[in-house]
Structure formats: structure tokens, C-alpha cells
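So the structure is just underneath, and the comments pick up after that.
Numbered from 1 within each chain, the chains take letters A, B, ... in sequence-line order. What you see is a predicted model, and the numbers here were worked out from it, not measured in a lab.
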2 protein chains.
Amino acid sequence: MSVTIYDVAREAGVSMATVSRVLNGTAVVKDETKRKVLDAIQALGYRPNAVARGLASKKTKTIGIIVPDVSAPFVAEMVRGMEDIATMYAYQIILSNSDAQTEREIDLMGTMWEKQVDGVLFMGDRLTADLLKAFEEAQLPVVLCATVDPEGRIPSVNIDSEQAAYDATKFLTQKDCKNILLLSGPSDHPVIGEPRQKGYLKAVKEAGLQARILECSDLRYEHGLDLLQRELTSNPQPDGIIAVSDELGVASIHACLDAGLAVPDQVRVIAFDNTRLAIMVRPELTTISQPIYDMGAVAMRFMTKLIHDEPVEEFSVILPHDMTVRKST
Amino acid sequence: MSVTIYDVAREAGVSMATVSRVLNGTAVVKDETKRKVLDAIQALGYRPNAVARGLASKKTKTIGIIVPDVSAPFVAEMVRGMEDIATMYAYQIILSNSDAQTEREIDLMGTMWEKQVDGVLFMGDRLTADLLKAFEEAQLPVVLCATVDPEGRIPSVNIDSEQAAYDATKFLTQKDCKNILLLSGPSDHPVIGEPRQKGYLKAVKEAGLQARILECSDLRYEHGLDLLQRELTSNPQPDGIIAVSDELGVASIHACLDAGLAVPDQVRVIAFDNTRLAIMVRPELTTISQPIYDMGAVAMRFMTKLIHDEPVEEFSVILPHDMTVRKST
DNA sequence: CTGAAAGCGCTTACAG
DNA sequence: CTGAAAGCGCTTACAG
């Protein structure tokens with residue numbers, strides 16, 4: 001069997017309670033006693049069993065993370081941000097993929113409760129009533145990340161998608177684009193759909209231009225390429241394209257090139273996310289950079305504050321976005 | 001307080017032991033009793049506390065995963081494969097990033113022990129003696145994923161990197177390339193270095209050609225582009241390039257285009273991994289596709305077998321690789 | 001500053 | 001087929 005706190009206590013000639021105290025620093029222990037305990041720990045190679053500790057203290061130092069899919073680069077980077085901060089605060093993470101299925105998300109909240117995590121960082125598409133109920137029933141602090149609660153009931157960390165779309169559009173109108181196409185997500189999507197369209201529409205209207213929106217049911221390269229290739233053959237040529245992800249941005253560039261349109265001379269292309277993909281295409285993509293890693297990091301830091309009852313300044317944190325101008329515009 | 005197994009027992013008019021039995025199916029329970037218990041569970045909305053269960057049973061149904069960096073697409077996809085299989089077997093995963101630092105890896109093995117995970121899936125660069133000791137001391141089953149133990153002491157799931165590099169090289173020699181450049185990882189790297197170079201050298205030698213290896217200290221696009229741009233100005237022009245990752249493959253194509261070399265007419269480019277990146281470049285990349293997701297999935301399945309003492313056919317699993325031929329060759 | 005004891009919520013022999 | 005009881009390895013009031 002492995003060595004327990006009881007073995008350490010005996011070796012050091014003190015009680016388990018005292019060992020626990022030096023381990024956790026929960027009370028003052030005489031220096032000499034502390035040394036004896038530390039020596040015993042060293043000598044026996046003792047490591048505390050976090051499961052037993054979790055049961056006794058009702059804190060597991062574990063945070064649950066529910067995301068649609070870690071294998072999406074955006075998500076993976078966010079998770080990395082979360083994990084780094086978790087490590088900093090000596091937390092571990094339990095990671096789960098939901099494929100953005102509400103049913104699965106609800107199920108996972110149950111699992112997170114069973115595992116007695118201290119909190120859940122959640123990224124998803126839409127927040128249904130059932131899901132909100134599951135949040136409540138789990139009786140766990142939940143922080144949304146890159147996910148919007150339209151009614152602001154759950155704390156969250158996001159960027160201002162509407163403003164970002166406005167900025168992107170404005171950038172093109174100022175470059176004198178007259179026919180700007182928005183390659184958007186579904187109009188009812190709370191992050192890559194509705195707010196992006198809203199910001200776009202606002203800027204387009206201000207410039208006195210006609211709106212032109214193409215909705216992608218998913219944000220994959222192939223899908224965007226296909227959609228756009230058809231659009232470019234059958235419609236008047238746009239002179240500006242805003243794509244709501246880098247993948248779609250690369251698709252836009254390639255669709256233009258395939259159609260014999262020069263980027264940026266005939267069509268200016270701007271995208272979102274500023275993932276590494278943005279520099280791996282010719283011409284390199286101008287993108288709205290979202291602080292993806294930071295969103296994850298800030299969300300996790302937020303969680304540690306909630307857990308430790310530290311005061312939080314804002315309930316809905318909005319991180320600033322940025323624009324990185326490259327060759328495609 | 002939340003409802004416990006004790007509450008369920010009382011509600012159903014049975015003992016805790018019986019509730020536990022129907023929960024876990026560890027013993028036969030009379031149908032009628034079972035129904036009473038199930039009803040009570042339903043009525044009270046009971047969920048078992050996995051932490052308590054873990055302490056009592058010494059099994060946490062949790063697998064630790066240690067990877068260099070989830071935000072790397074290759075890794076993220078592998079982790080997804082792991083998680084999917086974990087879900088299938090009702091396991092959760094604790095994910096940690098090591099940045100491939102031995103010290104951190106050792107530290108994490110300790111954390112994994114503290115968390116009492118049932119096993120650890122490990123991906124890293126080199127296996128040092130200290131790390132192997134940490135594996136041993138943790139007394140946990142460990143399965144390596146996309147990571148080689150040269151002495152085969154630890155079970156692992158990999159592809160045959162040497163054969164893959166040989167295949168890629170052979171493909172180019174058969175296309176009549178005479179000056180084939182290998183854009184490789186560090187020669188002492190057990191996956192993207194040494195075996196790749198070995199396979200390459202074998203094929204090059206068979207074709208009676210001269211070897212030409214360029215080592216990248218890291219596999220990032222920028223780094224490869226920079227290295228290659230310099231190589232192309234100062235050296236005789238290669239007519240074939242083998243890049244050990246898709247990122248480097250894209251860098252190769254761009255470096256050629258920048259130098260005014262047509263791909264594939266003047267230079268044929270072949271890469272590794274077949275990530276989504278491979279289709280997001282013009283011309284699209286021919287790549288050796290590694291079953292990344294599958295590697296993760298198989299490693300996790302392997303782990304469940306180890307945990308449940310199921311027989312395993314192979315200690316070192318080699319998954320078949322494949323070649324996807326596209327426009328770049 | 002330290003110890004004895006109860007308790008966290010389960011599982012698991014042991015009896016019957 | 002079922003129950004009583006011990007035990008998993010800790011933490012946490014409670015005393016002193």
C-alpha cells in the first residue's frame with residue numbers, strides 16, 4: 001500500500017491533524033514540529049491523496065471544461081489559456097466535448113456534478129432553457145467563454161462581436177469598397193451570426209451601401225469555398241469580402257483567385273480570429289484578432305475568483321479585439 | 001445538503017449496500033427491491049458522488065492525459081480521439097500541458113497520482129531516465145501516444161515514421177526527382193527526426209541520389225519558411241521537397257513560389273499529417289496522412305484494456321499510414 | 001500550538 | 001438476496 005497521512009504522523013511523532021495543518025498551512029504550527037513533519041514526508045515520499053482530500057473538504061481543485069470540440073483550433077487555443085491559469089492556481093481540468101449538442105451538454109453538467117468539480121467553464125452555441133436549468137441544478141459556479149447569454153444571467157467572457165464586425169466593415173468602406181459581401185454564420189447564432197450581421201449592417205448602412213450576406217451553416221473551408229465559388233459566378237462581383245473566420249477567409253481568397261479575381265486589387269478580403277492560418281496563405285490575411293487564448297485565461301481567472309469569493313468587477317467581461325492588417329486588403 | 005446514498009436507502013426502505021448494488025450492478029438484487037431503489041433515486045434526483053466512490057473503490061474512472069500542447073492542431077485532434085473513447089467507456093479525462101519539459105512531465109505524473117487517475121496517456125518528445133522513473137513511481141498504467149520508447153518498455157501507439165518517410169521519398173524518386181530536400185525535425189527527435197531521416201536516406205540511397213537534409217529546430221511555418229527561403233537563394237535548386245509537417249509543407253510551397261519556382265512543375269512538395277491545412281493552400285498538398293484521431297482513440301482503448309486486465313495483442317501498436325496525392329506533386 | 005474524534009459518501013468483504 | 005459495519009485517506013470543528 002502507499003503511504004498515508006497516518007504513516008507520516010507516526011513517523012513524525014505527531015497527530016494526523018498536525019500533518020494536515022503543515023500540508024495545508026491552515027493553522028500555525030511550531031517551527032520544530034513543522035520540520036519534523038516535513039522530514040517525515042520527505043523520508044516516506046508521501047503524497048496526499050487528492051480524492052480523500054476532496055471528499056473531506058468538499059473541494060476537488062478541479063474545474064470542468066465543456067466545449068463543442070477541442071479539435072477546432074479556436075477551441076484548442078482557448079483551452080490552453082484555461083489550462084495555463086488553472087495550473088497557476090493549482091487546479092486541474094476535466095475536459096469534455098459536447099459537439100454543441102444541448103442534450104450532451106446537460107448530461108455533462110451532471111457528470112461534472114458527480115465528479116464534484118469546483119466550477120465549470122462552458123463554451124457552446126445556444127443556451128436553451130433546459131441547459132440553464134442544468135446549470136442551476138448542478139449548483140456549481142459556471143462561467144461562459146466565447147458564448148453569449150442574451151439575458152446576461154450567467155457570467156461570461158467574450159469579445160464585442162458586433163463592434164468587431166462593424167470595424168471590419170468600416171475598414172473596407174474606408175478603402176472605398178462599394179460592394180461588400182459578408183460571409184457569415186447562421187443568423188441566429190449568438191456569436192458568429194447575429195451580432196456580426198448587425199455590426200456589418202450598421203457600417204454598410206452608414207456608408208450608404210447595399211447589404212449582401214451569405215450564410216454558412218458551418219465554418220469549414222470546403223463549405224465556404226463551395227458557397228463562394230457559386231456566388232462569384234452567378235452574381236455581380238464584390239469588391240470586398242468579410243469572412244467570420246480565418247478558414248472562411250482563406251476560402252474567400254482562393255475562391256477569388258479561382259475566379260480570376262486579384263486579391264487585394266479587385267477584391268479586398270478581411271477575416272476573423274487571426275489564427276496561425278492567417279499568415280499561411282498568399283496574400284496573407286488581414287484579420288480581426290480575437291484574444292482567444294486570453295479569453296480562456298480570463299475565464300479561468302474569473303472562475304478562481306468566484307470560487308474564492310473574491311470580488312469581481314464585471315459580470316460580463318468584454319475583451320478588446322484588434323485588427324492586424326496584412327496583404328489581403 | 002445534497003441527497004446521498006443514505007437518503008435513497010431510507011426512502012426505498014433498504015440498506016445502503018443494496019442501493020450500491022443496484023447502482024453498480026455488482027450483485028443480483030431482487031427485481032422488486034431494485035424497482036424500489038430506482039424509484040427512490042428518481043424521486044430524490046439522486047446522483048452518486050464520484051469522489052466518495054473513488055475513495056472507497058480506489059478507482060476514479062478518470063484518465064490523465066499529458067501532452068506537450070493542446071493548442072497544436074495535431075495534438076488537439078489526438079486528444080479528441082482519446083476523449084471520444086473515454087466517453088464511450090464512461091471515463092473522464094484530466095488534461096495537462098507539459099510543453100515537452102521533462103521536469104514538468106515528472107511533476108504532472110505526481111499530480112496524476114494525487115488525483116488517483118486510473119491511468120495516464122502520455123505524449124512527449126524524449127523519454128528521459130528521470131521520466132521513466134516517474135512513470136514507475138506513479139504505479140499507474142501508462143500508454144505512450146505518438147511517442148516512442150526506443151527500448152520498448154512502455155506500451156505505445158504510433159505510426160511507422162521511418163517507413164512513412166521512405167514512402168514519401170520513394171514517391172518523389174519515382175516521379176524522377178533527382179535533388180530531394182528533406183525538411184526535417186532535429187536528428188535526435190524520436191518521431192519527427194531520426195526515423196524520418198533514416199527512411200529518407202534509405203530511399204535516396206536506393207535511387208542513387210545525394211541526400212540533402214535541412215533540420216528545423218521547431219516545426220512552425222515561419223521558421224520553415226525562413227530556413228527554406230535562405231536555402232533556395234544560396235543553393236542549387238531542389239526538384240523535390242519532403243516536409244515533416246503540413247505547416248512546413250505550406251512553408252515549402254510558399255518559399256518556392258516566392259523564389260519563382262513553380263509547384264509542382266519545377267519542385268514537387270510532399271508533407272506529413274494531412275491536417276485540414278493541406279487543402280487550404282494552392283496547390284493543395286500531397287501528404288502522408290497519419291491517423292491522428294485514431295492514434296488517440298486506440299491509445300485510450302488500449303488503456304481501458306490495461307485497466308480491466310483484458311488481454312492486449314500488441315505491446316507497441318503501429319497504425320498504418322496512408323498517402324493522399326494532391327496537386328503539389 | 002496540538003490531539004482525539006467525527007465525518008465526508010461511498011464500496012466491500014463478511015454474515016446470514 | 002440483503003444488512004450491519006468497517007474502512008477508503010483525508011479535513012475540520014472542538015477541546016485543551
At less than 4.0 Å, is any side-chain N or O atom of B:K58 found next to OP1 or OP2 of D:dG9? Yes or no. yes
Here the pair of heavy atoms bringing A:G45 nearest to A:V3 is O-CG1, 4.5 Å
Which heavy atom of B:V142 sits nearest a heavy atom of B:F122, and at what distance? CG1-CB, 4.2 Å
Most 5' of B:V28 and B:A52 on DNA chain D, judged by nearest nucleotide: B:V28
Side chain of A:T4 (C-beta onward), nearest among D:dT11, D:dG3, D:dG9: D:dG9
Rounded off to whole Å, could you give me the CH2-to-P distance for the A:W113 and C:dG9 pair? 8 Å
Looking only at the side chain of A:T33 (C-beta and beyond, no hydrogens), which of the listed nucleotides C:dT11, C:dC1, D:dT2 gets closest? C:dC1
Under 4.0 Å between a side-chain N or O of B:S15 and OP1 or OP2 of D:dA4? no
Side-chain N or O of B:S20 versus OP1/OP2 of C:dT11: is the shortest distance under 4.0 Å? yes
To the nearest Å, give me how far apart CD1 (A:I5) and P (D:dG7) are. 18 Å
Nearest-neighbour nucleotide for the B:P48 side chain, C:dC10, D:dC1, C:dG3 considered: C:dC10
Do A:R47 and D:dG9 share a donor-acceptor pair, side chain to base, under 3.5 Å? no
A:M16 CE to D:dT11 C1', in whole Å, measures 8 Å
Please state how far atom OH in B:Y6 lies from atom C1' in C:dG7, giving the value in whole angstrom units. 14 Å
Are B:N24 and B:S20 linked by a side-chain donor-acceptor pair shorter than 3.5 Å? yes
Could you state the atom-to-atom distance from CG of A:L55 to C1' of C:dA6 in whole Å? 13 Å
Among D:dC10, C:dT12, D:dT2, the nucleotide that comes nearest once only the side chain of A:A56 is considered: D:dC10
Please confirm whether the shortest side-chain N or O distance from A:T18 to OP1 or OP2 of C:dG3 is below 4.0 Å. yes
What does A:V51 touch in the nucleic acid at a heavy-atom separation under 4.0 angstrom: a base, only the sugar-phosphate, or nothing? nothing
Starting from P on D:dT12, measure out to CG on A:N24 and report it in whole angstrom. 7 Å
Side-chain contact check for B:V14: nearest option of D:dG3, C:dG3, C:dT11 is D:dG3
If pairing means Watson-Crick or G-U wobble with both distances under 3.5 Å, then the partner of C:dC1 is D:dG16
Interatomic distance, A:L23 CG vs D:dG9 P [rounded to whole Å]: 15 Å
Between A:T62 and B:K115, is the side chain to side chain contact (heavy atoms under 4.5 Å, CB included) condition met? List the steps. CA-CA 9 Å; A:T62 307; B:K115 290 287 189 181; 2.7 Å; yes
Salt bridge flag under 4.0 Å for residues A:E136 and A:R153: no
Determine whether the side chains of A:D130 and A:T128 contain a donor N or O and an acceptor N or O closer than 3.5 Å. no
Whole-Å distance, A:K59 NZ to C:dC8 C1', equals 13 Å
